[in-house]
Protein chains: 2
Amino acid sequence: MKTRSKTQFAVLGLLSWQPMSGYDIKKMITMGLSHFWAESYGQLYPTLEKLVTDGLATKSSESTGKRKRHVFSITEPGRQRFLEWLAGPTDQPRIRNEFQLKFFLASELPLAHGLSLLEDYRTQQQEIAETYARSEQILAAALETDDAVEEISQVLGLTSRQQMLFFLISLRHGVLAVEARLAWCEESISALKKERKVKENAGD
Amino acid sequence: MKTRSKTQFAVLGLLSWQPMSGYDIKKMITMGLSHFWAESYGQLYPTLEKLVTDGLATKSSESTGKRKRHVFSITEPGRQRFLEWLAGPTDQPRIRNEFQLKFFLASELPLAHGLSLLEDYRTQQQEIAETYARSEQILAAALETDDAVEEISQVLGLTSRQQMLFFLISLRHGVLAVEARLAWCEESISALKKERKVKENAGD
DNA sequence: TGATAGATATATCTATTTGATATATCTTAC
DNA sequence: GTAAGATATATCAAATAGATATATCTATCA
């Protein structure tokens, strides 16, 4: 109860779906959750060990050929802990957005700096938007026809229709966010261009 | 060049406006940049010392009465380093959004869990939206009348009109983002309610 | 056949960052 | 003058990121 780490809950939550190794968990997060969550190995492996010592998960060592494989399963207390967290209060994410920091700190420099930053940012966000759009299309189509897309369900372990629905809704969060950022780019570029004109006229 | 820390650039950027103490910097970030940046003392003080040993800033110890005060100023190499960073590549922020994690991990639980999470989130975001709206109004009014609002300029050290414009634009980023999140709440709540109906009918 | 390039899987280490807390000084109201 | 609370400065343990190390597996082609 003392630890403030969210990693353990991310891990417990994924283990509540199916037993997995650290590598599996990392892959699942990277492939499917990356638009809202990240974990590093450096955090993952110690957390898995801690869950075992706390009785929230169990570790079993399989061996296929020479490669050893440590698969972790959630225990009943682990499931309990996961549900408690889910029902408890949710912290605001801490944000450190390098682009916004740059833009803000460019406010004393010539306007061209700000405009250049905005245009780069817009390009970056457009690319993200396209990536999202592709994923969204595939998923929405799969959900429409009640058809499990092999690739998706394999990598992400999405089995039920409801799970796919939640995944799609999660993705929509990213889609709407990136759309908002693009809209912001447009209005900000306009605002700076307008300001530039004001300055030019004042300079006459 | 080896360090990947962004903290030093945040600090250099603020020092490029005016000399400040660690406490001043922390206050300025907390008051004005919190919608896109955060720094902790634990990072701030070591960073300030490092900037001094690297020749990017200088430290002067003033004393008003008994309280000692360490004021840091940017040097020319420091200004150079800041500008290099500004012109260089910008990393995507890493996101760990506890709410979205919860929502996604609730996909195997009864729909009521997801709906409850969404409704709490909506309330939270509505409050944030109101806070932003207030700040935005004050700032926009100040900019309209070319009138520097005391409070703002004092705490944030916003002196020029251009600086206030950039601050307002930064804030707009937050405003549009929170609006997008609220829109997402609405469509997601609808989607889950629709799904609930589908299930009810299937259960007949 | 066996050498090897690259992918897969597991793990650790250091640097960075957070969040909580410690300590002293200043200000104000009583 | 003194106690409560605000201001200012700083440190430390826990959490996290990012880079890297190491070994195993797979496919391919010389």
Side-chain angles (χ1 to χ4, degrees), chain A residues 1-11 19-31 33-34 36-52 54 59-72 89 91-98 101 154-155, chain B residues 1-11 19-31 33-34 36-52 54 59-72 89 91-98 101 154-155:
Chain A
M1 279 297 146
K2 213 46 171 305
T3 175
R4 52 185 201 273
S5 168
K6 313 288 185 223
T7 299
Q8 56 167 318
F9 300 115
V11 171
M20 279 185 281
S21 73
Y23 186 80
D24 293 338
I25 292 174
K26 170 72 170 158
K27 192 165 64 175
M28 191 179 271
I29 291 175
T30 306
M31 303 297 267
L33 283 55
S34 60
F36 62 83
W37 200 256
E39 287 296 347
S40 64
Y41 285 125
Q43 195 57 14
L44 220 40
Y45 285 104
T47 298
L48 282 166
E49 294 304 331
K50 188 161 187 314
L51 288 179
V52 172
D54 290 354
K59 178 182 187 175
S60 77
S61 302
E62 303 174 359
S63 277
T64 331
K66 267 186 187 172
R67 173 159 290 173
K68 64 193 165 191
R69 181 176 155 78
H70 303 291
V71 176
F72 296 84
D91 289 339
Q92 284 300 122
R94 346 231 146 273
I95 18 171
R96 282 163 66 95
N97 186 312
E98 187 178 14
L101 180 66
Q154 290 251 305
V155 176
Chain B
M1 277 299 145
K2 212 47 173 305
T3 173
R4 55 187 200 273
S5 168
K6 314 290 184 218
T7 299
Q8 56 168 320
F9 300 115
V11 170
M20 278 185 283
S21 73
Y23 186 79
D24 293 338
I25 292 173
K26 169 72 170 161
K27 192 165 64 177
M28 191 179 269
I29 292 175
T30 307
M31 302 297 266
L33 319 195
S34 60
F36 61 84
W37 201 256
E39 287 297 348
S40 64
Y41 285 124
Q43 194 59 14
L44 220 39
Y45 285 105
T47 298
L48 282 166
E49 295 303 332
K50 188 161 189 316
L51 289 179
V52 172
D54 290 354
K59 177 182 186 175
S60 78
S61 301
E62 303 173 1
S63 276
T64 332
K66 268 187 184 169
R67 171 161 291 173
K68 61 193 171 194
R69 181 176 156 78
H70 303 292
V71 176
F72 296 84
D91 289 339
Q92 283 300 123
R94 40 198 149 72
I95 16 169
R96 283 165 63 94
N97 186 312
E98 188 179 13
L101 179 65
Q154 289 251 307
V155 175

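As a basis for the values below, the full set of heavy atoms in this structure was taken, side chains included, without hydrogen atoms, waters or symmetry mates. What you see is a predicted model, and the numbers here were worked out from it, not measured in a lab.
- Taking 3.5 Å as the limit, the base of C/dT18 and the side chain of A/R4 contain a donor-acceptor pair of atoms between them.
- Put simply, NE2 on B/H70 and CD on B/E49 are 8.0 Å apart, with the number rounded to the nearest 0.5 Å.
- Put simply, CD on A/Q43 is 7 Å from P on D/dA15, counting in whole angstrom units.
- In terms of phosphate contacts, A/S5 brings no side-chain nitrogen or oxygen within less than 4.0 Å of OP1 or OP2 of D/dA14.
- Phosphate proximity of C/dA9 to A/K27: present, with a side-chain N or O under 4.0 Å from OP1 or OP2.
- At the phosphate of D/dT9, OP1 or OP2 sits under 4.0 Å from a side-chain N or O atom of B/S21.
- The distance between atom CH2 of B/W37 and atom C1' of C/dT18, rounded to the nearest whole Å, is 14 Å.
- Put simply, the side chain of B/S5 reaches to within 4.5 Å of the side chain of B/Q43, judged on heavy atoms.
- Here C/dT18 presents its P atom at 14 Å from NZ of A/K6, a figure rounded to the nearest Å.
- The distance from atom CD of A/Q92 to atom C1' of C/dT18 is 16 Å, rounded to the nearest whole Å.
- Regarding contacts with the backbone of C/dT16, every side-chain N or O of B/T7 stays at 4.0 angstrom or more from both OP1 and OP2.
- The interatomic distance linking A/K59 (NZ) with C/dA11 (C1') rounds to 11 Å, in whole Å.
- When the nucleotides D/dT11, C/dT18, C/dT17 are ranked by their closest atom to the side chain of B/S40, C/dT18 comes out on top.
- The 5' end of DNA chain D is approached more closely, in terms of each residue's nearest nucleotide, by B/D24 than by the other of A/Y41 and B/D24.
- As judged by a 4.0 angstrom heavy-atom cut-off over every strand, A/K50 is placed among residues making no nucleic acid contact.
- Using a 4.0 Å cut-off, no side-chain N or O of A/R69 falls inside it from OP1 or OP2 of C/dT8.
- When distances run from any side-chain atom of A/H70 to the nucleotides C/dT10, D/dT11, C/dT17, the shortest one goes to C/dT10.
- The side-chain contact (heavy atoms from CB on, under 4.5 Å) test with A/I25 is passed by exactly one of A/T30, A/L48, A/T47: A/L48.
- Summary of the strand contacts: B/G22 and B/G42 both lie near DNA chain D, and taking for each the nucleotide with the nearest heavy atom, the more 5' one is attributed to B/G22.
- For the pair B/L44 CG and D/dA8 P, the computed distance is 15 Å after rounding to whole Å.
- A salt bridge does not link A/D91 with A/R4: none of the charged nitrogens is closer than 4.0 Å to a carboxylate oxygen.
- Taking atom CG on B/D91 and atom P on D/dG18, their separation rounds to 8 Å, with Å as the unit.
- At least one donor-acceptor pair under 3.5 Å links the side chain of B/K26 to the backbone N or O of B/E39.
- Closest to the A/R96 side chain, of the nucleotides C/dT8, C/dT18, D/dT11, is C/dT18.
- For the pair B/I25 CD1 and D/dA10 P, the interatomic distance rounds to 12 Å; values are reported in whole Å.
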